[in-house]
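Report on one structure; see the data block that follows.
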Amino acid sequence: MQRMDAGMDLLHSSGVELVQYLQMNYKDSQSWFTFISLAADLRNTFFVFFPIWFHLCEAVGVKLIWVAVIGDWLNLIFKWFLFGQRPYWWVHETEFYANSSLPVVQQFPITCETGPGSPSGHAMGSAGVWHVMVTALLTFGLQKKQPILQKWCLHVLLWTMFWMIQVCVCASRVFLAAHFPHQVFFGVISGQDTFF
């Protein structure tokens with residue numbers, strides 16, 4: 001058990017180093033990271049994406065809601081079992097820095113989440129919801145007979161957009177010290193699994 005705690009402490013301390021790096025080198029992007037984090041909240045699925053998609057294609061709208069609801073439920077179950085610390089709170093509660101000074105990690109209003117942190121619900125929800133939307137757009141876009149190059153370009157464009165959104169969501173959650181990097185990574189992976 002002690003070896004596992006030591007391993008987690010090393011994982012958490014390297015995560016804190018990434019949080020510090022982002023906060024020091026991208027402090028001018030704080031409003032962008034805050035916006036991304038707020039935009040990735042699942043509430044937007046219910047109040048923005050669902051009505052739009054339900055109007056465009058009822059089946060996609062319903063699938064979107066199911067992925068959001070099941071994904072959020074699975075996130076809660078994972079958090080019960082995995083628990084997971086949050087960077088800002090871990091720095092102040094751990095014995096890892098007993099012989100050295102505590103790293104400076106900024107706190108933001110969004111940082112004040114007190115529940116378990118693993119996996120990231122923002123990353124999990126974003127991955128699941130955007131996966132549904134990208135596959136729906138691909139389905140609609142590929143219904144017509146098109147040259148192979150045009151199909152390939154559409155695939156590349158939409159999946160690149162998907163991964164750029166995921167990177168932004170993950171970076172925002174780490175920048176805000178709401179999650180460790182491994183928690184957002186697990187959130188994206190489990191969010192995509194929710195789709196299937």
Side-chain angles (χ1 to χ4, degrees), residues 8-49 52 64 67-68 71-72 75 78-79 82 84-94 96-97 100-134 137 156-192 194-195:
M8 288 306 293
D9 281 346
L10 283 173
L11 183 63
H12 287 145
S13 68
S14 64
V16 166
E17 288 176 22
L18 182 58
V19 170
Q20 286 182 296
Y21 175 82
L22 289 173
Q23 287 184 351
M24 282 192 292
N25 294 300
Y26 297 96
K27 60 182 154 211
D28 294 338
S29 302
Q30 177 188 341
S31 59
W32 171 251
F33 285 128
T34 302
F35 167 75
I36 291 294
S37 201
L38 293 172
D41 194 305
L42 267 182
R43 282 178 276 200
N44 292 319
T45 299
F46 297 106
F47 297 124
V48 178
F49 298 133
I52 292 169
L64 206 56
V67 165
D72 203 32
N75 184 262
F78 285 147
K79 285 186 179 196
L82 299 175
Q85 299 286 338
R86 293 189 182 264
Y88 183 80
W89 304 112
W90 180 80
V91 165
H92 297 287
E93 294 173 357
T94 186
F96 187 76
Y97 300 107
S100 60
S101 60
L102 291 179
V104 177
V105 176
Q106 281 185 289
Q107 185 179 21
F108 304 95
I110 297 176
T111 307
C112 297
E113 296 179 26
T114 56
S118 190
S120 166
H122 283 74
M124 191 171 171
S126 175
V129 165
W130 279 96
H131 200 282
V132 170
M133 292 192 292
V134 165
L137 288 169
V156 168
L157 175 72
L158 290 175
W159 286 114
T160 301
M161 181 183 76
F162 171 85
W163 284 110
M164 286 175 60
I165 290 168
Q166 301 319 306
V167 167
C168 286
V169 169
C170 292
S172 76
R173 300 305 288 165
V174 172
F175 174 88
L176 295 168
H179 290 288
F180 289 102
H182 69 277
Q183 294 171 338
V184 293
F185 176 76
F186 182 51
V188 169
I189 298 303
S190 55
Q192 283 191 288
T194 304
F195 172 77

Counting only heavy atoms from other residues, nucleotides and ligands, does the tally under 6.0 Å from [atom1] of [X] exceed 12?
X: Y97; atom1: OH; result: yes
X: F108; atom1: CZ; result: yes
X: F46; atom1: CZ; result: yes

Q) Excluding sequence neighbours, so at least two apart, what forms side chain to side chain contact (heavy atoms under 4.5 Å, CB included) with V104? A)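 Per chain and number, V104 pairs via side chain to side chain contact (heavy atoms under 4.5 Å, CB included) with no residue.
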
(Q) According to side chain to side chain contact (heavy atoms under 4.5 Å, CB included), who are the partners of V48, at least two apart in sequence or on a separate chain? (A)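 Expected list: N44, I52.
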
Should [X] and [Y] count as side-chain neighbours, where that means a heavy-atom distance under 4.5 Å?
X: P119; Y: K79; result: yes
X: T45; Y: V67; result: no
X: W159; Y: M164; result: no
X: F49; Y: L42; result: no
X: V169; Y: V188; result: no
X: H182; Y: L11; result: yes
X: F186; Y: F180; result: no

Which atom pairs, donor and acceptor, lie under 3.5 Å between side-chain atoms of residues 28-37 and protein residues at least two apart or in another chain?
residue	atom	partner	partner atom	Å
T34	OG1	Q30	O	2.9
S37	OG	R173	NH1	2.5

Q | Aromatic ring pairing F96/W90, orientation class (parallel under 30°, perpendicular over 60°, tilted between) | A |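 It falls in the tilted class, 30° to 60°.
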
Q.
Holding to side chain to side chain donor-acceptor pair (under 3.5 Å), I want the full list of residues that pass it with Q107, two or more places apart in sequence or in another chain.
A.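 Q107 satisfies side chain to side chain donor-acceptor pair (under 3.5 Å) with Y88 once adjacent residues are dropped.
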
Q: Just jot down the side chain to side chain donor-acceptor pair (under 3.5 Å) partners of Q166, sequence neighbours excluded, or say none.
A: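 Partners of Q166 under the side chain to side chain donor-acceptor pair (under 3.5 Å) test: S126.
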
Q) Looking only at atom types and distance, does a side-chain atom of Q183 sit under 3.5 Å from a main-chain N or O of Q85, one as donor and one as acceptor? A)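 Yes, Q183 side chain to Q85 backbone: donor-acceptor pair under 3.5 Å.
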
Q) Which pairs pass salt bridge (Lys or Arg N to Asp or Glu O under 4.0 Å) with one or both residues in residues 123-132, sequence neighbours excluded? A)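 Those involving residues 123-132 do not exist here.
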
Of the non-hydrogen atoms in [X] and [Y], which two are nearest, and what is the gap between them?
X: G15; Y: P181; result: CA-CD, 3.6 Å
X: Q23; Y: A177; result: NE2-CB, 4.0 Å
X: Q20; Y: P103; result: NE2-CB, 3.4 Å

